[in-house]
Amino acid sequence: EGGTRSRLPGLRCDRVRDAEEGAAVRSDRPPLPAMNSLEQAEDLKAFERRLTEYIACLQPATGRWRMILIVVSVCTATGAWNWLIDPETQKVSFFTSLWNHPFFTISCITLIGLFFAGIHKRVVAPSIIAARCRTVLAEYNMSCDDTGKLILKPRPHVQ
């Protein structure tokens, strides 16, 4: 239907497909009833649980991407060292020296390919989510840590 499935079983995220449809839906809704503090606290706890669950869900994949990046970076650095200390590198053309050092060439191409594929975003995905949540939560005088736990800030005093 109009929603999308979450990666976590049992959770569903409904999104409105069209911006115009979203505007019509929002304007046609009756105003929300006033919530008491218990309902607000339950909503905040539910939001916090969902946020921490989502960030925790990203951690295993993030760890794998970090390991891949580390391995390919070490391979590239090792290959670069061997390429640079080879006395033949200075005597032959650039492309010939790369052809003579296939380990460095392949690992360097792999590293460049990983960056074009977006590995730099995948290794910091939980931090990106937390930073975006902090931006939105700042309007409500709240914040969150890197694990998704909510931080309630004291209300500013109006004088």
Side-chain angles (χ1 to χ4, degrees), residues 1-23 25-26 42-156:
E1 297 179 34
T4 59
R5 284 256 175 228
S6 170
R7 290 183 184 178
L8 301 174
L11 297 174
R12 183 178 171 93
C13 174
D14 290 315
R15 294 187 308 184
V16 177
R17 288 186 183 181
D18 190 11
E20 294 172 4
E21 181 182 347
V25 170
R26 280 191 295 276
E42 288 174 3
D43 282 350
L44 283 175
K45 288 178 186 177
F47 175 75
E48 182 181 52
R49 276 193 307 270
R50 179 66 177 109
L51 184 58
T52 55
E53 183 179 3
Y54 186 73
I55 290 176
C57 174
L58 290 174
Q59 292 298 341
T62 299
R64 285 190 295 272
W65 284 114
R66 285 179 182 161
M67 288 304 300
I68 290 170
L69 182 61
I70 289 169
V71 167
V72 174
S73 297
V74 167
C75 289
T76 303
T78 304
W81 176 255
N82 290 332
W83 181 58
L84 290 173
I85 63 169
D86 185 11
E88 290 295 316
T89 300
Q90 296 177 0
K91 298 176 184 173
V92 296
S93 70
F94 176 72
F95 291 108
T96 305
S97 69
L98 288 178
W99 184 258
N100 292 337
H101 295 277
F103 180 73
F104 169 68
T105 306
I106 291 170
S107 60
C108 190
I109 290 170
T110 303
L111 185 63
I112 292 168
L114 285 172
F115 275 101
F116 277 124
I119 195 169
H120 57 290
K121 293 178 185 174
R122 294 174 193 211
V123 297
V124 294
S127 300
I128 293 171
I129 299 294
R132 290 179 182 171
C133 284
R134 279 188 208 102
T135 302
V136 172
L137 289 171
E139 296 180 23
Y140 300 99
N141 218 28
M142 292 188 284
S143 185
C144 67
D145 62 7
D146 288 334
T147 63
K149 298 283 185 193
L150 288 181
I151 300 167
L152 303 175
K153 297 179 181 178
R155 291 183 182 172

For T96, is there any backbone N or O sitting under 3.5 Å from a side-chain donor or acceptor partner on N100?
yes
Side-chain heavy-atom pair D146, I55 within 4.5 angstrom cut-off
no
Point-to-point distance, once rounded to the nearest 0.5 Å, from CH2 of W65 to CD1 of I70:
14.0 Å
Between L137 and S143, is there a side-chain heavy-atom distance shorter than 4.5 Å?
no
Within the 4.5 Å heavy-atom criterion, are L111 and L69 side-chain neighbours or not?
yes
What is the distance from atom CD1 of I129 to atom CG of L51, rounded to the nearest 0.5 Å?
8.5 Å
S97 side chain near E88 side chain, heavy-atom distance below 4.5 Å
no
At what distance, to the nearest 0.5 angstrom, does OG of S127 lie from CG of L58?
10.0 Å
Shortest non-hydrogen contact from R66 toward V124
NH2-CA, 4.5 Å
Without swapping roles, check the side chain of E48 against the backbone of K149 for a donor-acceptor pair under 3.5 Å.
no
At their closest point, which heavy atom of C57 faces which heavy atom of P60, and how far apart are they?
O-CD, 3.4 Å
Tell me the closest heavy-atom pair linking D145 and R134, and the distance in Å.
C-NH2, 3.5 Å
Indicate yes or no: at least one non-hydrogen side-chain atom of T62 is less than 4.5 angstrom from one of R122.
no
Hey, can you tell me if F94 and W83 have their rings parallel, tilted or perpendicular (30° and 60° cut-offs)?
perpendicular
Taking the side chain as everything from C-beta on, heavy atoms only, tell me whether L84 gets closer than 4.5 Å to T89.
no
Side-chain contact, heavy-atom cut-off 4.5 Å: F104 with L98?
yes
If you measure only the distance, is there a donor-acceptor pair under 3.5 Å linking the side chains of H101 and N82?
no
Does any part of the side chain of I151, heavy atoms only, come nearer than 4.5 Å to the side chain of C144, both counted from C-beta?
no
From F95 atom CZ to T105 atom OG1, the distance as rounded to the nearest 0.5 Å
10.5 Å
Is it the case that the side chains of S73 and T76 hold a donor-acceptor pair, with the cut-off being a distance below 3.5 Å and no angle test?
no
Might you confirm whether atom OH of Y140 has over 12 heavy atoms from other residues, nucleotides or ligands at distances under 6.0 Å?
no
